[in-house]
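Following: one structure in structure tokens, then a few remarks.
We count ligands from 1, going down the list as the structure has it; atoms in each ligand are counted the same way. Reckoned from all heavy atoms, side chains included, excluding hydrogens, waters and symmetry mates.
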Amino acid sequence: MKKYVYFFGGGAAEGDMTMKNLLGGKGANLAEMAGIGLPVPPGFTVSTEVCDLYYKSRKTIPAGVKAEIEKNLKKLEKAAGQGFGDPKDPLLVSIRSGARASMPGMMDTILNLGLNEKTVAGLIAKTSNPRFAYDCYRRFVQMYGDVVLGLKPVNKDDIDPFEAIIEQKKHEMGIESDTDLSADDLKDLVARFKAAIKNKTGHDFPEDPMKQLWGAIGSVFGSWMNERAIAYRKLYDIPESWGTAVNVQLMVFGNMGRDSGTGVAFNRDAATGADTFYGEYLMNAQGEDVVAGIRTPLPIADLKKDDPKAHAQLEKIRHILEKHYADMMDIEFTIQQGKLYMLQCRVGKRTAFAAIKIAVDMVDEKLISEKEALKRIEPDQLNQLLRPIFDPAEKDAAIKGGRLLAKGLNAGPGAATGRLVFNSVDAEAWAKRGEKVILTRIETSPEDIKGMNAAEGILTARGGMTSHAALVARQMGRVCVAGCSELAIDYGRHVMTVNGKTLKEGDWISIDGTTGQVIEGKIQTKPSEVLQVLIEKSLDPKKAPVYQTFAKVMAWADAHRTLRIRTNADQPDQSANAVAFGAEGIGLCRTEHMFFGEGKIGPMREMILADTLEQRKIALAKLLPLQRKDFAGIFEVMAGRPVTIRTIDPPLHEFLPHEEKDQRALAAEMGISYEKIKERVASLHEFNPMLGFRGCRLGIIYPEITEMQARAVFEAAAATKKKGIDVGPEVMIPLVGHVKELAHQEKLVRQTAEAVMKEQGVTFKYLVGTMIEIPRGAITADEIASVAEFFSFGTNDLTQTTLGVSRDDAGRFLRPYVDKEIYAKDPFEVIDRDGVGQLMRMAVERGRKTRPGIKLGICGEHGGDPSSIEFCHLIGLNYVSCSPFRVPIARLAAARAALLNAPETKTSKAAKSKKAGRKR
Ligand code: PEP
Ligand code: MG
């Protein structure tokens, strides 16, 4: 019979950490910890397969699974020595979600389940603490009411109905803090909560613990499809089909008095990556008090005073876990009357700084290999290292000028400046219209995820380093200052007061997530340490520890990748930046971009407006030296690295003015009539310019343009060579669909190259190749390769023409397409492997068949996207080309593509042997 429920506890477990797909991350790691003898409260995991069954059975738990759960519940009663629903000694459980990938706070949790009017008496008798028992009870009814019975608020400014009842009660009693509520007060709250539930739902609160259990399990499965979980999955590419598991576990209490507590910790610092035990706890509290940011917790070091035994035991567990998992782990623990329990452990979320530092340190400490380190750093995380910091002078001036408002926790490093908004909906709306915003909340909750994503930075008044705001911000790479208690935020009036100053919505504010400072007004940002070393060359690498770590990772990446990395650049300074970032060549120099440069647009327009060949040649002669100078600048910077220069590509009307006043100005400048210009612009009008007179078609109809461009390239190459600098020109013909188009242009290019070499008395090697960017080019790649020495996939146009989707007009419908999951990702960002990808694969095979040594690359925007880079690796391209600032990301993505697709990783031999050799 198929197994759906897995038990853990008492030094053994039916599952282990390799079973994440089935047990979810939380279930698998609880099993693992129980298996290696750590103190885990016993429980069982209902597998992710049941989530699927739940939805297939019209949101019910199938009878067979119910029977298995009941059997495991019996086992749990035995392990705990308590009875579920036993009025003398009731077993209380927690019900938690746990998907394969961690989705912090996205799904539902219910604690203290099993309490009712009878069992609460048992809890009182057992603990001799009626206040504690009623506190548990009111928390349970509240959570159950919110989560299972649907009383949770829906509107952004609404408050939880149960919180409103608590506030009312406190008001009646004339008290301020929840802790001042007596046992009787709490008992009364339970009654009021139940009345509110009856009032809202028309039903009594379920007293039967089994009924409570089925309701809770069903609602955790149900929460897999709640709006925020769906939004989160979209953001992090988590497939809907994975489902969540449900963990049912014996409750342990951190709120049983002063000898109890709860906390979260990391074996390394999640913000900086430093090798310190890092965490926070609260005595006499339940888990959600720490993570929800309701009370500001204490640093873990203080636990040494509060409970030295538990602190020492935790230190020991920290080392056990670090060795066992060889990673930075995020743990949750509870101390119940002096006894420590582990409630969760998972691979911890970390900033890019921390991810890189921990990976590098762990290689140095021989805990992991270089390869493993590379697998642990997501390429896009590198973006955080390239992110701006505040201009120190400006920041100093702001502080000296009295603009420092407050200091909070440095929860997400980096510098952000933006306008104040006080809720997530506004953050999204403002960002949509192009405003930079700082989302400022008392505390954040999973509902805020979209607004957090839209904001430059996040500022909260409450909560610690492990609060929701801090965790999510770090994961998203957002700047975050959390727990800034000096802020008094008024959601209703959209204002905040801080140390006597009042700031309103829309005011500028700056937050430093590295120091925790909150500063009034806008502060200029400055390039990161990595950029200061590499691009500005204003910082000594020896004085830049972040840069040094970055450089190490880059060196490892280079050792493991097989793809070469080039850049798309058309200016010498861009090329120099790209080389500093590690580019090994230029994969695309769009010559038309150069025509908009200083002094060039005039002769360009003259050329386009020419009536005769003679006139056109006169204009081209003016362009020749200008282009030659540009190319020479690039060749010098690239110093012998390959430089792919593409002949003119866009439709000519793009170079002409379309407004009457600009056309009149051009007429005056050229000494011709306005009517003539107007007429010429009209005659160049096309209904479908992207499928019109562009690409190689221009060079075929006006061969003199190709000749001029080829001459500029080769004369620049000759001049550079004469300076003693090597050159690697590669002339690329765009939009080729037929081999004869290429042959026509190739002949011109080669004739020009030969002529220039002869005239200049120098020789140099050069290549002639083509872009593959329309389907016919890919399909006839075998024929085209008889002429082309290289192919570069222009996946922007190839996507446009393969999908029949205009790259310029897709915005209106492509986003909804992605939302509806017609395409999983925007195909202009991530290669559509099944469509465009198949054409690429075909072109690679056919091209290589004709010309085995053909050089193959990509220069569409996809060349900087990690998933697309992986695809390029898989189909055997030689290089990818991307924008200069994405070069480090591409280097890492290429290495990961090689490592993650290496044969031994696929069969995961390493994981298997590790598992076999492990003691249970
Ligand atoms: C492409 O089509 O992918 C490409 C690189 O060319 P462009 O974007 O200039 O059309
Ligand atoms: Mg193109």
Side-chain angles (χ1 to χ4, degrees), residues 565-571 574 578 583 585-596 642-655 686 688-699 705 709 730-738 741-742 745 769-778 781 784 788 790-811 814 826-833 835-837 839-840 843-844 855-865 868-869 871-872 875 877 879-884 886-887 890:
I565 311 296
R566 295 199 191 182
T567 194
N568 292 358
D570 25 72
Q571 299 296 331
Q574 291 175 1
I586 289 182
L588 174 61
C589 170
R590 290 180 168 100
T591 48
E592 63 270 13
H593 284 182
M594 297 168 155
F595 292 132
F596 286 100
V643 177
T644 304
I645 295 169
R646 182 176 74 183
T647 51
I648 189 168
D649 182 23
L652 295 179
H653 74 88
E654 283 190 11
F655 297 96
E686 293 176 300
N688 250 326
M690 287 308 261
L691 297 177
F693 189 34
R694 61 168 288 218
C696 62
R697 298 157 201 173
L698 294 167
I705 301 182
Q709 290 202 295
E730 301 179 346
V731 177
M732 178 158 76
I733 310 299
L735 219 75
V736 165
H738 198 293
E741 291 176 311
L742 179 61
Q745 294 287 287
T770 185
M771 296 196 64
I772 297 288
E773 53 182 344
I774 55 177
R776 195 181 193 283
I784 292 177
F790 65 88
F791 289 166
S792 178
F793 288 98
T795 44
N796 304 332
D797 274 311
L798 192 59
T799 301
Q800 164 165 268
T801 47
T802 302
L803 273 59
V805 170
S806 156
R807 58 194 266 194
D808 303 307
D809 305 308
L814 214 47
D826 181 339
F828 288 102
E829 273 172 36
V830 179
I831 283 176
D832 156 39
R833 294 190 187 196
V836 175
L839 279 173
M840 292 171 73
V844 167
K855 208 192 269 192
L856 302 172
I858 178 175
C859 63
E861 285 311 295
H862 305 86
D865 164 63
S868 310
I869 291 170
F871 183 72
C872 293
I875 61 169
L877 298 196
Y879 69 85
V880 297
S881 188
C882 58
S883 61
R886 287 202 77 83
V887 166

Counting only nitrogen or oxygen atoms and a 3.5 angstrom limit, does N796 reach ligand 1? yes

Would you compute the distance between atom SG of C882 and atom NE2 of H862 and round it to the nearest 0.5 angstrom? 13.5 Å

To the nearest 0.5 angstrom, please state how far the CD1 atom of I858 sits from the CD1 atom of I869. 8.5 Å

Shortest protein contact, atom 6 (O) of ligand 1 (heavy atom only): R646 NH1, 2.9 Å

Test F793 against every option in I831, I772, V880, V836 by the side chain to side chain contact (heavy atoms under 4.5 Å, CB included) rule and name the one that passes. I772

If you compare E861, R807, R694 by their heavy atoms, the one closest to atom 8 (O) of ligand 1 turns out to be R807

Is any N, O or S atom of D797 under 2.8 Å away from the Mg ion (ligand 2)? yes

So, regarding T795 and ligand 1 (criterion: nitrogen or oxygen to nitrogen or oxygen, under 3.5 Å), is there a contact or not? yes

Considering both backbone and side-chain atoms of C859, is one of its nitrogen or oxygen atoms within less than 3.5 Å of a nitrogen or oxygen in ligand 1? no

Within 4.0 Å of some non-hydrogen atom of M771, the atoms of ligand 1 are 4 (C), 5 (C), 6 (O)

Residue D797 vicinity, atoms of ligand 1 by number, heavy atom under 4.0 Å: 1 (C), 2 (O), 3 (O), 10 (O)

If you measure from the Lys or Arg side-chain nitrogens to the Asp or Glu carboxylate oxygens, is any gap between R694 and E686 under 4.0 Å? no

For E773, the N, O or S atom at the shortest distance from the Mg ion (ligand 2) is OE1

Under 4.0 Å from one or more heavy atoms of L588, ligand 1 contributes atoms 5 (C)

Under 4.0 Å from ligand 1, counting heavy atoms only, is it the side chain of L798, its backbone, both or neither? neither

Give me the atom names and distance for the closest heavy-atom approach of L735 to E773. N-OE2, 2.8 Å

Between R886 (side chain) and D865 (backbone), is there a donor-acceptor pair under 3.5 Å? no

With the threshold set at 4.0 Å, does a side-chain nitrogen-carboxylate oxygen contact exist between R566 and E730? yes

Can you tell me how far apart CE (M840) and CG (L877) are? Round to the nearest 0.5 Å. 5.5 Å

Nearest 0.5 angstrom please: M771 CE to I733 CD1, how far? 11.0 Å

Relative to the heavy atoms of G794, which atoms of ligand 1 are at a distance of less than 4.0 Å? 1 (C), 2 (O), 3 (O)

Numbered in order shown, the ligand 1 atoms found under 4.0 Å of a heavy atom of R590 are 4 (C), 5 (C), 6 (O), 7 (P), 8 (O), 9 (O)

Numbered atoms of ligand 1 (with element) below 4.0 Å of E773, judged on heavy atoms: 1 (C), 2 (O), 6 (O)

